[in-house]
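Both counts, for ligands and for their atoms, begin at 1 and track the order of listing. The figures here come from the full heavy-atom set of this structure, side chains too, leaving out hydrogens, waters and symmetry mates.
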Amino acid sequence: MEHDRLMLRCLQLARNGSGSAAPNPMVGALLVQGDRILAEGWHRTPGGPHAERACLEALGGEAVPADAILYVNLEPCAHHGRTPPCADLLIERGVKRLVVAHRDPFAQVNGKGLGRLRDAGVEVIEGVLADEARWINRRFITSVTAGRPYVVLKWAQSRDGFIDRPRAEPGPHRISSPQSDVLVHRWRSEEQAILVGSRTAVHDDPRLDVRHVSGRSPLRVLLDRGGTAPIDSRLFDGAHPTLVFTGKIRSGIIAEQIIIDPAEDPIAIMLDAFNQRSIRSILVEGGAELHGHFLREGLWDEARVITGSMAFGSGTPAPVMATSPCRIESCGPDRIAYFTNSTQQKQPRGSWHW
Ligand code: AOF
Ligand code: ZN
């Protein structure tokens with residue numbers, strides 16, 4: 001279908017905003033006349049032009065032909081945010097035909113943009129590649145509709161199901177291959193925050209930044225109620241912002257600190273704090289206890305499990321997933337299993353990997 005093909009192009013454009021558009025959604029737009037693409041645009045960064053404006057700016061001063069169709073994966077906005085409403089801009093510029101994938105669940109828009117356009121006589125088709133478009137904006141949609149960030153759990157396990165071997169034992173503790181490490185850094189660049197528990201900070205001393213690919217490093221977050229992470233941990237090196245949820249404020253560390261009451265559920269408090277900061281997604285990198293917590297409470301959306309080629313024989317058992325993966329990939333010598341929480345956003349059928 002012609003509409004599908006052109007909406008797919010929109011989604012490709014939208015994906016250019018991966019890692020930079022958040023907390024805004026990823027949106028692409030293109031103006032098409034017959035078989036000619038007249039202009040394209042996408043939303044790069046909050047405060048910058050929305051996709052529709054970027055597309056019409058790319059067209060320059062030229063008039064929009066009456067038979068041209070504007071494709072955009074998200075309903076044009078109706079509100080004055082950091083930028084004026086796109087619906088008004090489309091009407092002013094004389095767009096007569098519009099194809100969108102789905103409505104914007106953001107309360108100030110949610111149907112109002114399409115309503116305004118239809119009232120102005122614009123012919124609107126909605127629902128084109130809606131599942132695919134919702135999938136690429138699953139972080140934004142989950143955050144806006146559920147009031148919590150999209151949660152991606154990630155861990156690496158040995159062939160025999162351990163995420164860690166006894167520390168007293170000599171030998172390498174690394175599980176994933178260099179090939180998988182590059183992929184994990186891409187995953188990091190796609191989420192706004194990355195969370196680990198204190199045991200991971202103590203044992204692994206991770207940097208939690210993006211090094212092997214180009215991209216934005218997420219906010220580093222540490223749950224350390226007992227204040228056990230050493231003061232010279234890399235997480236406190238000031239190289240990137242770090243947020244610590246702690247039982248009591250510590251001096252001498254370069255990090256923002258939020259006190260949490262030991263009697264309260266830390267997961268709920270953290271998710272709420274993220275939500276208040278418009279953090280739409282988090283990558284949870286361990287350890288087993290933290291993953292178990294998210295899994296037990298059903299507060300997760302995806303799990304990505306890297307299985308390495310070596311066996312540990314003993315150690316800390318990896319979490320066991322209750323469902324089968326929706327996809328398994330090879331990455332160098334590793335296998336990666338992808339799980340989605342079926343109560344949440346549905347992944348489209350076929351080989352849709354974004
Ligand atoms: C669109 N086109 O390309 C995007 C939209 O504060 P602002 O002005 O940046 O508005 C952000 C909201 O606008 C965001 O929460 C979402 O509802 C919508 N994003 N809308 O028409 C776009 N990125
Ligand atoms: Zn807009």
Side-chain angles (χ1 to χ4, degrees), residues 6-32 39-59 64 69-95 97-120 122 124-130 132-150 190 192 216 274-281 345 354:
L6 292 163
M7 186 58 77
L8 190 60
R9 175 69 191 146
C10 253
L11 296 181
Q12 286 175 337
L13 291 166
R15 285 279 306 172
N16 289 337
S18 173
S20 69
N24 279 351
M26 289 181 260
V27 187
L30 66 157
L31 189 69
V32 179
E40 297 182 328
W42 70 89
H43 183 56
R44 289 166 194 264
T45 186
H50 285 181
E52 303 87 319
R53 187 174 297 276
C55 176
L56 291 170
E57 278 173 4
L59 184 70
V64 174
I69 307 179
L70 185 81
Y71 289 82
V72 55
N73 56 294
L74 187 75
E75 169 183 13
C77 64
H79 69 298
H80 286 269
R82 282 164 282 215
T83 59
C86 291
D88 294 351
L89 174 72
L90 267 46
I91 295 165
E92 268 163 39
R93 291 290 304 259
V95 173
R97 300 169 75 192
L98 178 71
V99 176
V100 300
H102 63 85
R103 293 186 179 205
D104 183 349
F106 187 58
Q108 292 180 62
V109 184
N110 209 353
K112 295 188 192 80
L114 293 184
R116 195 176 298 173
L117 287 154
R118 285 193 170 112
D119 288 348
V122 177
V124 178
I125 296 176
E126 46 179 317
V128 174
L129 293 193
E132 288 79 358
R134 285 202 181 93
W135 179 252
I136 74 158
N137 274 317
R138 58 198 183 278
R139 299 162 179 85
F140 174 77
I141 294 170
T142 301
S143 166
V144 165
T145 57
R148 64 155 177 85
Y150 189 86
E190 289 171 344
Q192 278 178 271
R216 188 166 70 173
F274 294 143
N275 196 46
Q276 283 175 23
R277 291 165 184 240
S278 294
I279 292 176
R280 309 270 187 218
S281 66
Q345 202 67 44
W354 293 343

- Could you walk me through whether L98 and L117 pass the side chain to side chain contact (heavy atoms under 4.5 Å, CB included) test, one step at a time? CA-CA 9 Å; L98 178 71; L117 287 154; 3.6 Å; yes

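- Near F140, meaning under 4.0 Å from one of its heavy atoms, ligand 1 places the atoms 15 (O), 16 (C), 17 (O).
- A salt bridge between R93 and E57 is absent, with no side-chain N of the basic residue lying under 4.0 Å from a carboxylate O of the acidic one.
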Derivation and outcome, side chain to side chain contact (heavy atoms under 4.5 Å, CB included), residues H102 and I141: CA-CA 11 Å; H102 63 85; I141 294 170; 3.9 Å; yes

Is there a side chain to side chain contact (heavy atoms under 4.5 Å, CB included) between I125 and V100? Walk through the geometry before answering. CA-CA 6 Å; I125 296 176; V100 300; over 6 Å; no

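- Counting atoms of ligand 1 from 1 in the listed order, those under 4.0 Å from a heavy atom of G81 are 6 (O), 8 (O).
- Considering backbone and side-chain N/O of C77, one or more are found under 3.5 Å from N/O of ligand 1.
- Of the polar atoms of A51, at least one N or O is found under 3.5 Å from an N or O of ligand 1, judged by distance alone.
- Using a cutoff of 4.0 Å between basic side-chain nitrogens and carboxylate oxygens, R15 and E190 are scored as salt-bridged.
- Nearest to atom 23 (N) of ligand 1 by heavy-atom distance, out of H43, M26, R53, is H43.
- Annotation: E52 places an N or O atom under 3.5 Å from an N or O atom of ligand 1; distance criterion only.
- Between R9 and E40 there is a salt bridge, with a side-chain nitrogen of the basic residue lying less than 4.0 Å from a carboxylate oxygen of the acidic one.
- Remark: ligand 1 atoms within the under-4.0 Å shell around heavy atoms of P76 are 21 (O).
- A pairwise comparison of heavy atoms in A101 and A130 identifies O-CB, 3.4 Å as the closest pair.
- Side chains of S281 and R138 form no contact here, defined as non-hydrogen atoms less than 4.5 Å apart.
- In plain terms, the two heavy atoms of A87 and R116 that are nearest each other are CB-CD, 4.3 Å.
- Short contacts between ligand 1 and E75, defined as distances under 4.0 Å to a heavy atom of the residue, involve ligand atoms 21 (O).
- Heavy-atom proximity to atom 22 (C) of ligand 1, evaluated over H50, R82, R280, H80, is greatest for H50.
- Residue H79 has at least one heavy-atom neighbour below 4.0 Å for each of these atoms of ligand 1: 10 (O), 12 (C), 13 (O).
- The protein non-hydrogen atom at the shortest distance from atom 18 (C) of ligand 1 is D104 OD2, 3.4 Å.
- Taking every non-hydrogen atom of C86 and a distance limit under 4.0 Å, the qualifying atoms of ligand 1 come out as 21 (O).
- For atom 11 (C) of ligand 1, the nearest non-hydrogen atom of the protein is N24 OD1, 3.3 Å.
- If you look at H50 and ask which of its N, O or S atoms sits nearest the Zn ion (ligand 2), the answer is ND1.
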